[in-house]
J.: 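Got a structure here, written out as structure tokens. Questions coming.
Bear in mind the structure is a predicted one, so any value in this text is a computation, not a measurement.
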Amino acid sequence: MRTSRTRSTLLSFASLSAIALAAAPAFAQDTDNQDSEVAELEEITVTGIRASIMSSIARKRESSSIVEAISAEDLGKLPDASIAESIARLPGLAAQRLDGRANVISIRGLAPDFTTTTLNGREQVSANNNRAVEYDQYPSELINGVVIYKTPDASLTSQAVGGTVDMQTIRPLAYGQQALVVNVRGEYADLGALNSGTSAWGYRASVSYVDQFADDTIGVAFGYARMLSPTQEERWNAWGFPSDNGNADGNLVIGGAKPYVKSNELTRDGLLGVIEYAPHDSAFRTTIDAYYSKFDDEQTLRGIEIPLSWSGAQLQDGWTEADGLITEGQFNGVEAVVRNDFVDREAETIALGWNTEYQMNDGWLLEADVSYSKVDRVERNTETYAGTGRGSGVGATDDIGFSITPDGAAIFTHGLNYADPSLMQLGGPLSWGGGLVNAGAYPADNAQDGFINAPEADDELYAIRLSAEQTVQNDFLSSIEYGVRYAKRTKSLEDKGYFLTLKDYPADVPVPSQYLLDPTSLEFIGMGNVLSYDARALFESGAYVLTDASESELSRSTNSWLVEEKVFNGYVQANIDTMIGERQLTGNVGVQAVHTDQSSTGAAVRVVVVDGVNTVQLIDVTDGAKYWDFLPSMNLSYNLDDNNKIRFSVAQVLARARMDQMNAGFELGYDQTTRIVRGKGGNPRLKPFKTWQFDLAFETYFGDGGYASVAGFYKKVQSFPFTTFTEYDFSDILAQANIDDAVSTTGLIEQPDNIDGGKLYGVEFSASLPFSMLTEALDGFGALFSASFTESSIKETPDSDPIQMPGLSKTVINSTVYYEKYGFQARASLRHRSSFLGEVSTLSLQRALVDVKPETIIDAQIGYDLSEVGIDGLSVLFQVNNLTNEPFTSYYNGDPRQVRDFQSYGRTYLFGLKYRM
């Protein structure tokens with residue numbers, strides 16, 4: 001019922017670890033796919049590593065579909081600090097980090113947006129501007145198990161091309177006993193408090209309570225988890241590496257840099273409540289569950305922006321070059337910008353569900369499930385600037401040397417004292433305020449003294465599901481399932497932004513003494529100390545005037561949208577349980593019919609000149625599509641003998657398009673000379689990404705907790721979203737824009753569209769080895785391992801080169817070694833993924849694709865149950881995350897030396913107590 005996920009501090013054990021996850025079965029059952037065998041497993045009491053692994057293997061062994069799963073070792077105790085880290089240890093799965101923590105998941109090389117996430121079988125909405133669920137919204141202390149469906153069946157109405165992740169909460173009647181568990185952990189970030197006014201110390205605390213009443217006919221479960229987690233980060237960002245510098249002889253040279261330190265204080269409160277009622281001698285059962293999470297991320301960023309080749313600075317002779325990249329040199333005349341920024345990000349999540357079952361006497365099981373899920377996210381990303389003089393070409397300049405090592409690290413030298421408050425004063429040191437001029441707010445382009453990006457995203461989903469299962473009395477089928485589901489989802493993004501200008505413009509303003517703080521060290525990159533001040537307090541004092549960026553920036557309006565989806569699923573599924581000779585064959589075959597009614601509202605946007613001022617013109621656009629999809633599926637599991645089995649699955653699967661790509665808005669272009677109209681934007685008619693997928697697996701089981709598997713998969717891509725040019729009727733838009741002289745009302749619009757062609761395939765190995773099988777002297781020791789190898793060949797046209805798929809690491813390895821006996825628990829775990837194309841959020845929650853270097857994350861923990869020495873119910877735990885201080889590094893142009901972003905998080909230490917009564 002779970003897979004071990006402690007981290008291997010020894011790389012030699014990398015090949016031994018992730019299979020505990022590979023073998024981990026689900027604790028609770030999927031509301032979308034309930035069956036009696038899961039209900040039986042829910043009655044298993046999981047109390048330790050080995051019991052968890054064994055129940056996980058049992059879940060895999062008995063399932064007709066190909067699944068992976070994990071389960072809590074005890075109430076309120078999944079083995080990792082976060083749900084995402086636990087999931088990332090399963091075969092074929094990999095996590096992408098954000099601010100040092102595992103955040104989103106790729107399954108079998110497919111980007112997070114191609115995965116569906118459910119809670120107790122009910123689809124969940126997302127805090128970002130697309131579909132990928134950010135798992136750090138869900139406290140691991142409140143989740144009792146996770147099931148990954150790699151192959152769907154017809155009754156799995158929330159499916160996806162990558163897979164479906166079902167997080168599961170406890171069912172109190174199935175748990176069957178009273179329990180109260182309290183967890184408290186202290187947390188320390190070993191980089192220390194990098195910014196004044198921040199802390200390297202945090203804590204985690206949770207309480208879980210389960211009980212049964214009224215002669216065990218009513219069960220309740222309640223949980224509360226609070227986390228205050230500090231993250232400290234040393235980071236440097238390169239603007240890029242242009243080749244057009246006249247002094248560089250055609251070599252690439254760094255365009256600019258932005259080193260800074262970042263301090264996060266992440267506060268998350270999570271609440272869970274479950275009430276279950278099942279009268280004795282009755283076929284009736286009803287369950288209500290509610291989950292709530294409040295996520296506050298307060299960030300402090302201080303550093304410096306260093307314009308180099310992309311500025312008026314001059315590259316000096318005497319530079320050093322290696323393979324077309326200048327790795328050492330000096331720029332003179334550099335005008336640097338000291339940055340004191342802060343970010344406030346809030347996300348509020350709620351998920352409600354009500355499930356009712358009724359077992360009729362004639363072999364029919366009826367089920368109704370109603371659910372609601374909602375996320376509201378608000379972000380304020382505020383920048384404030386200081387320098388030696390307002391505007392380009394004003395104030396003191398610096399001569400800055402740079403050196404780039406083969407692994408992309410950078411060290412700078414400088415001459416100015418960037419921590420001197422008499423030299424570095426508030427105001428825009430560079431002429432970045434063109435938008436203010438275009439909006440007619442200021443006559444000169446030197447008035448941008450800061451900026452606020454303030455996107456707001458709302459996501460809401462209602463769903464109702466009705467199903468029936470009929471027991472069948474024959475030698476081939478065990479039952480037939482029928483079901484329908486209706487869901488309505490509405491998601492919106494409002495992209496707000498504001499220019500900041502000091503009230504005292506155009507004067508340069510010294511930082512008021514009451515806001516000055518101790519200087520911030522950038523010595524890790526050679527830039528010494530920089531000026532630091534309380535930017536939040538300064539901003540809140542009213543020091544700045546705000547100008548709405550939408551008055552001059554087209555992207556603010558084209559990036560604001562609303563998408564609505566109404567989806568109807570109907571399915572029928574026959575469950576197979578028969579004998580071929582003396583061997584059992586189980587599985588299912590079925591078909592799902594899906595009707596989609598999707599629409600989007602956005603704006604066609606263009607700039608017109610009114611009285612000499614650029615003015616943004618908005619024209620409302622609404623469009624959409626209706627269509628059917630038919631998704632057949634078959635899963636078969638054949639027992640070769642008592643310990644070996646073969647699985648085969650074939651299915652047509654879909655993953656709905658990214659919501660930002662379904663945006664109806666676009667940038668409207670009209671050339672007054674050629675009188676040709678064009679557009680660039682989203683596609684509200686974009687259909688899902690679809691594949692035919694085939695899976696074949698061999699599994700062998702041995703001893704108590706021994707397991708090995710090899711599995712292959714092949715996905716034939718039918719409908720992948722590529723950006724292309726399509727014809728568009730602009731007649732309504734042109735009429736509203738008062739354009740009546742166009743050559744034609746039909747033009748081309750650049751937008752994503754569905755294109756056939758390509759394949760994705762791979763092989764996965766996983767194993768669980770209890771060392772007691774080798775010798776009784778090693779009883780208590782064991783290891784888990786998984787390795788996945790994935791390739792893709794997806795092309796925009798038959799003659800084009802294959803694209804690099806976002807989220808695809810060709811190699812993913814997980815391993816865990818553990819010991820559990822005499823009250824001791826010890827684990828060391830490793831997860832490795834090779835380089836991949838990552839998706840990162842940029843300004844206003846927009847997406848950027850970046851190459852990410854390979855990474856190997858090692859974690860370790862040790863614990864002891866003090867019941868062994870007479871202190872009943874109390875245990876202690878010590879844990880180290882990111883033991884080797886593995887950075888997260890992205891780069892440009894396929895060249896790891898051209899670092900785009902280098903993020904070093906340090907190690908995190910946790911020490912805690914757990915009390916169980």
J.: Under 6.0 Å between the ring centres of F689 and F114?
T.: yes

J.: Going by distance alone, is a donor N or O of one side chain under 3.5 Å from an acceptor N or O of the other, for N569 and Q592?
T.: yes

J.: Please assess M54 against S768 for the test side-chain contact (heavy atoms from CB on, under 4.5 Å), listing each intermediate value before the final yes or no.
T.: CA-CA 9 Å; M54 291 173 65; S768 170; over 6 Å; no

J.: Side chains of T169 and D289: do they bring a donor and an acceptor to under 3.5 Å?
T.: no

J.: Measure the CD-CD distance between E855 and E886 for me, rounded to the nearest 0.5 Å.
T.: 6.0 Å

J.: For the pair Y291 and Y138, name the ring-plane relationship: parallel under 30°, tilted 30 to 60°, perpendicular over 60°.
T.: parallel

J.: CG/N120 to CD1/I170 distance, rounded to the nearest 0.5 angstrom?
T.: 11.0 Å

J.: For D695, is there an ion pair with K150 - N to carboxylate O distance below 4.0 angstrom?
T.: no

J.: Looking only at side-chain N and O atoms, does S371 offer a donor or acceptor that is under 3.5 Å from a partner on R122?
T.: no

J.: Before accepting this row, confirm whether a basic side-chain N of the pair E123/R465 lies closer than 4.0 Å to the acidic partner's carboxylate O.
T.: no

J.: Restricting to side chain to side chain contact (heavy atoms under 4.5 Å, CB included), what partner residues turn up for S637, sequence neighbours left out?
T.: T586, K645, R647

J.: Is a salt bridge present between D113 and R131, judged by a nitrogen-to-oxygen distance below 4.0 Å?
T.: no

J.: Do R833 and F836 meet the cation-pi criteria used here (NZ or CZ under 6.0 Å from the six-membered ring centre, within 45° of the axis)?
T.: yes

J.: Which heavy atom in F902 sits nearest to a heavy atom in S904, and how many Å separate them?
T.: CE2-CB, 3.9 Å

J.: Y905: what forms a side chain to side chain donor-acceptor pair (under 3.5 Å) with it, not counting sequence neighbours?
T.: Q903

J.: Before you tell me yes or no, could you show the steps for N644 and T700 under side chain to side chain donor-acceptor pair (under 3.5 Å), namely the whole-Å CA-CA distance, both residues' side-chain angles and the distance that decides it to 0.1 Å?
T.: CA-CA 4 Å; N644 299 284; T700 183; 2.7 Å; yes

J.: Measure the OG-CZ distance between S788 and R108 for me, rounded to the nearest 0.5 Å.
T.: 8.0 Å

J.: Just wondering, more than 12 heavy atoms not from N643 lying within 6.0 Å of its CG?
T.: yes

J.: Assess whether a salt bridge exists between K491 and E565, defined as any Lys/Arg side-chain N lying under 4.0 Å from an Asp/Glu carboxylate O.
T.: no

J.: Hey, what's the ring geometry for F781 with Y819, parallel, tilted or perpendicular (30° and 60° as the breaks)?
T.: tilted

J.: Does K810, at its NZ atom, have more than 12 non-hydrogen atoms belonging to other residues, nucleotides or ligands within less than 6.0 Å?
T.: no

J.: Strictly by modelled atom types, are T118 and D166 linked by a side-chain donor-acceptor pair under 3.5 Å?
T.: yes

J.: Please determine if R345 forms a cation-pi arrangement with F295, meaning its NZ or CZ atom is less than 6.0 Å from the six-membered ring centre and no more than 45° off the ring axis.
T.: no

J.: Give a yes or no on whether the ring-centroid distance for Y638 and F648 is below 6.0 angstrom.
T.: no

J.: Does a donor on one side chain sit under 3.5 Å from an acceptor on the other, for T164 and Q159?
T.: no

J.: Could you state the interatomic distance from CG (L830) to CD1 (I813), rounded to the nearest 0.5 Å?
T.: 8.0 Å

J.: Tell me, please, which residues at least two apart from Y701 pass ring-ring contact (aromatic ring centres under 6.0 Å, His included).
T.: Y707

J.: How many angstroms lie between NZ in K715 and OG in S792, if you round to the nearest 0.5 Å?
T.: 12.5 Å

J.: To the nearest 0.5 Å, tell me how far E141 CD sits from R204 CZ.
T.: 7.0 Å

J.: I'd like to know if the side chain of T151 pairs up with that of N635 as donor and acceptor (distance under 3.5 Å, no hydrogens or angles considered).
T.: yes

